[in-house]
Amino acid sequence: MYLGEASIEYQDGVYIQGYASIVGEKEGQGPLRSLFHDVENDPLFGGDNWEDAESRLQLRIANTTIREAGLELKDIRYVFAGDLLGQLIATSFGLKDLNIPLFGLYGACSTMGESLSLGSICVSAGHADHVLCMTSSHFASAEKSFRFPLGYGTQRKLSATWTVTGGGGVILGNSGGIARITGITTGKIVDYGCTDKENMGACMAPAAADTIAVHLSDFGRCPEDYDKIITGDLGSIGKTILLDLLDERGCRIEKQHMDCGMEIFDSEKQDTHAGASGCGCSASVLCSLILKNICSGIWKRVLFVPTGALFSPVSSNEGRSIPGIAHAVVIESLEQKG
Amino acid sequence: MTGSIKEHYDSYVKNVTPTASTLKNVWNAFWIGGLICTFGQLLLEGFLALGMDKDTAGYYEMVCLILSSVLLTGFGIYSKMAKYAGAGTLVPITGFANSVASPAIEFKKEGQVFGVGCRIFSIAGPVILYGIFASWVLGLIYWITHYVF
């Protein structure tokens, strides 16, 4: 059933039937180290180059997630997946041998929200028994695509974030499962004219604020109806801005708010500046800390809001601003009915 | 309601964004950059002591600095130094060598022509282009002042 401005509430259950996260060495040394399914210390993941490394990461996430759900490849009707690289090469080369129908998605770092949204729509409408939703990012392939070569000597600003090497996958289905998706709110592109690509939090916070505000209004809920409202990769500066923007709208979420980008690394010890970013940031934190807490009933209802900065090196060089987008997904433990 | 922050978003963002300490950056750039230059001077003195003339000793010094920078880039050390040194590692000739070596290493996987060949000057290219252009402009000014006046 569609609700309000931009939301859907699922009457029939859309169930999370399995999930998995795989991350790189640095993420594996962070505070969430014991919660990931697998930590790979080889930055190349056994591949020849950074793009190949991310492709191999995607394939491993897909296989691990399907196995964790107790399913086989043939059980998966569709894959909804994406990454940050040009023309989605990590996804297309990584998943080509799976032989499963694929929807390749680009929502920058909000892709996990987009894939869960489309996957849940698909399952809810009865078009599939099981779908796989997943994303990944890789520090080195992202640096190469968006910044400088790894060996180039440059200083990162304090507002910069560190791209996560890692990713997560979730199997959605129409029965059983370990948690439920009960609704989504699809984000609009929001542009406050920010042009600093070393301050992504500032570029994306307005989109996150908009999506959260629209979500609460569409569902007629208040922040207290959620145990956690979790944004993707705003980092410490983006978090401050988000709280201020929502405060201005009369909505206070500081008690519920958490940002995946501030959870995955210890920014002081691991020198990641404002936090973490990348599609794999929200995906791997979802598929470790968040879903573990939901499945064990510690959190009953969570609003998961991955955030993306919609730009390319070309648009940036041409002086265009960096708009943001954020997609919200309501995830509930099985103990509570929506 | 969002009007006020949205209207002054740039200045608002500037307010909430921490900036690095200029004093610390300048100090690190000074002592690390100074160390590189001292190393260069030692090399120069060494080559002079070997009996080379000043120009030749200077060429050998440059070759040694460039080689050291390329090696440090290859071992991933130069970028770690630059994190602290900033302009201290950027300004000396070692910084220029780093800006040529790092794309060459990064894009080697894309082939010798489209990878290394096309990308090797992706960072240093503008320096070369505008350096030559600036020298041409200065040459023109020199020519005008020398022959016209």
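Keep in mind that the numbers below use all heavy atoms, side chains included, and drop hydrogens, waters and symmetry copies. Letters go in sequence order (proteins before strands), and every chain restarts at 1.
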Given Ser69(B) and Asn98(B), is the side chain to side chain donor-acceptor pair (under 3.5 Å) satisfied, shown in steps? CA-CA 6 Å; Ser69(B) 169; Asn98(B) 166 254; 5.4 Å; no
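- In terms of non-hydrogen atom pairs under 4.5 Å with chain B, the most contact-rich of Gly153(A), Gly193(A), Ala213(A), Gly201(A) is Gly153(A).
- Distance alone, capped at 3.5 Å, is enough to place a donor-acceptor pair between the Tyr9(B) side chain and the Ala202(A) backbone.
- Closest non-hydrogen pair, Gly308(A) versus Ala108(A), comes out as CA-CB, 4.0 Å.
- Leu90(B) touches chain A through its side chain: at least one heavy atom from C-beta onward sits under 4.5 Å away, while N, CA, C and O do not.
- Listed options Asp271(A), Asp52(A), Asp196(A) were ranked by heavy-atom pairs under 4.5 angstrom with chain B; first place goes to Asp271(A).
- Side chains of Glu45(B) and Gln41(B): a donor-acceptor N/O pair is present below 3.5 angstrom, by distance only.
- Thr154(A) touches chain B through its backbone: at least one of N, CA, C or O sits under 4.5 Å from a heavy atom, while the side chain does not.
- Judged by distance alone, the side chain of Ser92(A) and the main-chain N or O of Leu88(A) form a donor-acceptor pair under 3.5 Å.
- Contacts with chain A were tallied for Asn25(B), Ile77(B), Asp10(B); Asn25(B) has the most, counting heavy-atom pairs under 4.5 Å.
- Contacts between Ser122(B) and chain A at a heavy-atom distance below 4.5 Å are absent for every atom of the residue.
- Interface remark: of the candidates Ala104(B), Gly76(B), Ala82(B), Ala82(B) forms the most heavy-atom pairs closer than 4.5 Å to chain A.
- Only the backbone of Tyr84(B) comes within less than 4.5 Å of a heavy atom in chain A; its side chain stays farther off.
- In summary, the aromatic rings of Phe47(B) and Tyr59(B) are positioned with their centroids too far apart to meet the 6.0 Å limit.
- Looking at Thr94(B) and Tyr78(B), their side chains do bring a donor and an acceptor atom within 3.5 Å of each other.
- At a 4.5 Å heavy-atom cutoff, the contact between Ser99(B) and chain A is made by backbone and side-chain atoms alike.
- Of the two parts of Lys144(A), the backbone and the side chain both hold a non-hydrogen atom closer than 4.5 Å to a non-hydrogen atom of chain B.
- To the nearest 0.5 Å, atoms CZ (Arg249(A)) and CG (Asp247(A)) are separated by 12.0 Å.
- Contact count versus chain A (heavy atoms, under 4.5 Å) is highest, among Lys83(B), Glu110(B), Arg119(B), Lys108(B), for Lys83(B).
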